Number of protein chains: 2
Amino acid sequence: MTSRIQGARQRARGEITNAIKDEARRHLADEGASRLSLRAVARELGMVSSALYRYFPSRDDLLTALITDAYDAVGAAAEAALAEAESAGDSHLVRWRAVCRAVRAWGLAHPHEYALIYGSPVPGYAAPASTTRPASRVALALLSVLRDAHTSGALREPASGAAAPEAVLKDAELLAEHLGVELPPAVLAEVVAAWSQLFGLISFELFGQFTKVVDARDAFFDHAVEHLADQVGLRR
Amino acid sequence: MTSRIQGARQRARGEITNAIKDEARRHLADEGASRLSLRAVARELGMVSSALYRYFPSRDDLLTALITDAYDAVGAAAEAALAEAESAGDSHLVRWRAVCRAVRAWGLAHPHEYALIYGSPVPGYAAPASTTRPASRVALALLSVLRDAHTSGALREPASGAAAPEAVLKDAELLAEHLGVELPPAVLAEVVAAWSQLFGLISFELFGQFTKVVDARDAFFDHAVEHLADQVGLRR
DNA sequence: CACTGACGAGAGCGCTGCTCTTGCATCGGA
DNA sequence: TCCGATGCAAGAGCAGCGCTCTCGTCAGTG
């Protein structure tokens, strides 16, 4: 029963690790990422600060864990919204809107975690490679809407007048492999653009740039998302 | 000659204030906003840390000064690009693109100052009212392009199929007064949306979300900006 | 049962933002 | 021309920070 005993140890360790992250998230909401204090977290947990280093080798590693969790949370929210829209038999346009709304709703509910992942990158901090997969979940959800629309012929050709750049993306084949289907490069480029613009809308709302500017924010957001859907070629 | 002597004092004070801000900007580029250290700035200037408090009552006030300066710098860049395009007799579409390009170029040249104003808001920090005017200069530049296009009849009606929200903005009259001309509310809403999406494009590029995704970034940006122009009703 | 390894506690280092007091130079009015 | 007021820099000091190292202790292992 070696494994079970070791399991007990690791379970205890996992629980404490989670308690630390939960407390850190609470402090994040109170003070923001740059004021997050290991000592304060430890104090709140009844530990001494040095004990915390048994679980996270540095403050930045704790932040990395929070970042990964946040990417996973927003990605899961987007995927859940997509799955629900799919099982309801919604149109591709409605699915697109559902994903966009889910991302915005998650951001409104967790503004500090949103700022952690979509705000300024932390100073000397470079996101480790382990964050790239969670970070791409929202984009993949959007892309899979487009993929399904494409295979079912519901996608307008994005020859929207302006010369659509062809080879602006890296690794289009890798993406195609991941999605299981090849999307026209122009469509891929449009989706990436729409993806970044979606977060522009959400970030400006969350970071206060819409204060004293935008009033009916739900309607405003939905309207802009409609434009983005049009831009990527989803039929109205 | 009271005023001249006091002027000398204030001139010395102004010079030191600028030296502090310059040194702080240098540290900003090295370390990022949250690691900006008053003591390090003072050390570099051959002062003792406490002397710095004669010029800025707190670290946050120094940051506020840098934020205001950054808003003014990017606003000035946008306005300069617009003025040049106007004097060259460029079309409204080309003026629009010129402003967008100028904002992106400024961001690429000053990534840390960009992050300071368009990244996550500093923790407990609420931007004082004095920053709102500098912060709106880019948006006003974009709006003035639209105003001129509107008055010269070069603006397509933004009845782009989807129900354009009418009353999503606050203070539409105040804006109209500032611009000297009334733009249809629907156009105003489209411009605000395009404005935020523009910064989504730039932020994702600067904050590293395009790493391993987008290759030909100039072309990618120009193409997206073309879409935004279309969205706000500028004729192609 | 003896042992190893994980763990928490505590002291301590150098740094931070910020405050308060002190001494000095300069400026303005008598 | 002298004197009081004012602006300014320096220094000491406080509490807090991230992080390191050492040292008992106790639980799981062979």
Side-chain angles (χ1 to χ4, degrees), chain A residues 1-21 23-24 26-28 30-67 116 122-126, chain B residues 1-21 23-24 26-28 30-67 116 122-126:
Chain A
M1 299 300 153
T2 296
S3 71
R4 194 166 58 179
I5 295 175
Q6 279 193 345
R9 265 204 192 174
Q10 292 195 350
R11 206 179 319 127
R13 187 179 172 83
E15 277 171 19
I16 296 185
T17 304
N18 281 332
I20 293 172
K21 289 199 289 188
E23 190 60 42
R26 218 165 296 136
H27 279 249
L28 205 67
D30 287 351
E31 323 258 9
S34 66
R35 293 218 210 282
L36 195 158
S37 149
L38 277 189
R39 290 180 116 109
V41 170
R43 212 178 299 129
E44 212 79 24
L45 261 54
M47 307 171 76
V48 89
S49 74
S50 59
L52 233 146
Y53 286 82
R54 300 274 177 200
Y55 299 89
F56 297 95
S58 79
R59 201 193 83 122
D60 278 4
D61 287 271
L62 174 54
L63 272 178
T64 299
L66 296 181
I67 287 173
L116 196 60
V122 181
Y125 170 87
Chain B
M1 300 296 157
T2 297
S3 71
R4 195 167 55 182
I5 295 174
Q6 279 193 349
R9 267 203 191 170
Q10 292 194 352
R11 205 177 321 127
R13 188 180 173 83
E15 277 171 20
I16 296 184
T17 304
N18 281 332
I20 293 172
K21 288 200 290 189
E23 190 59 43
R26 218 166 295 136
H27 279 249
L28 205 67
D30 286 352
E31 323 258 9
S34 66
R35 291 217 211 282
L36 195 158
S37 151
L38 277 189
R39 290 181 114 109
V41 170
R43 212 178 299 128
E44 211 80 24
L45 261 54
M47 309 170 74
V48 88
S49 74
S50 59
L52 236 148
Y53 286 82
R54 298 269 174 199
Y55 300 89
F56 297 94
S58 79
R59 200 193 86 120
D60 279 4
D61 288 271
L62 174 54
L63 272 178
T64 298
L66 296 181
I67 288 173
L116 196 60
V122 181
Y125 170 86

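All figures in this text were calculated on a predicted structure; none of them were measured in a lab. Labels below follow one simple rule: chain letters A, B, ... track the order of the sequence lines, proteins then strands, and each chain is numbered from 1.
Scored by the side-chain hydrogen bond (donor to acceptor under 3.5 Å, both in side chains) test, Thr17(A) finds no partners at all (sequence neighbours excluded). Ser58(A) pairs by the side-chain hydrogen bond (donor to acceptor under 3.5 Å, both in side chains) definition with Asp61(A), not counting sequence neighbours. By the salt bridge (charged side-chain N to carboxylate O under 4.0 Å, His left out) test, Arg43(B) pairs with no residue at all, sequence neighbours left out. In this structure, the side-chain contact (heavy atoms from CB on, under 4.5 Å) partners of Tyr53(B), at least two apart in sequence or on a different chain, are Leu38(B). Annotation: side-chain contact (heavy atoms from CB on, under 4.5 Å) contacts of Ser37(B) (sequence neighbours excluded): Arg39(B), Ala40(B).
When heavy atoms are screened at a 4.0 angstrom cut-off, Leu45(A) is found touching no nucleic acid atom at all. Using a 4.0 Å heavy-atom criterion, one finds that Tyr55(B) contacts the sugar-phosphate atoms exclusively.
At whole-Å resolution of the value, CZ in Arg13(B) and P in dC27(C) are 15 Å apart. Atom-to-atom, NE2 of His27(A) to C1' of dG16(D) comes out at 14 Å; the value is rounded to the nearest Å. Distance, Arg11(A) CZ to dA6(C) C1': 17 Å, rounded to whole Å. Going from atom CD1 of Ile16(A) over to atom C1' of dA27(D) covers 13 Å, rounded to whole Å.
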| request: List the protein contact pattern of nucleotides 12-24 of chain C with one symbol per nucleotide (5' to 3'): B for base contact, S for sugar-phosphate-only contact, - for none; contact means a heavy-atom distance under 4.0 Å. | output: B---BBBBB----
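In this structure, Arg54(B) contributes its side chain and Arg13(B) its backbone to no donor-acceptor pair below 3.5 Å.
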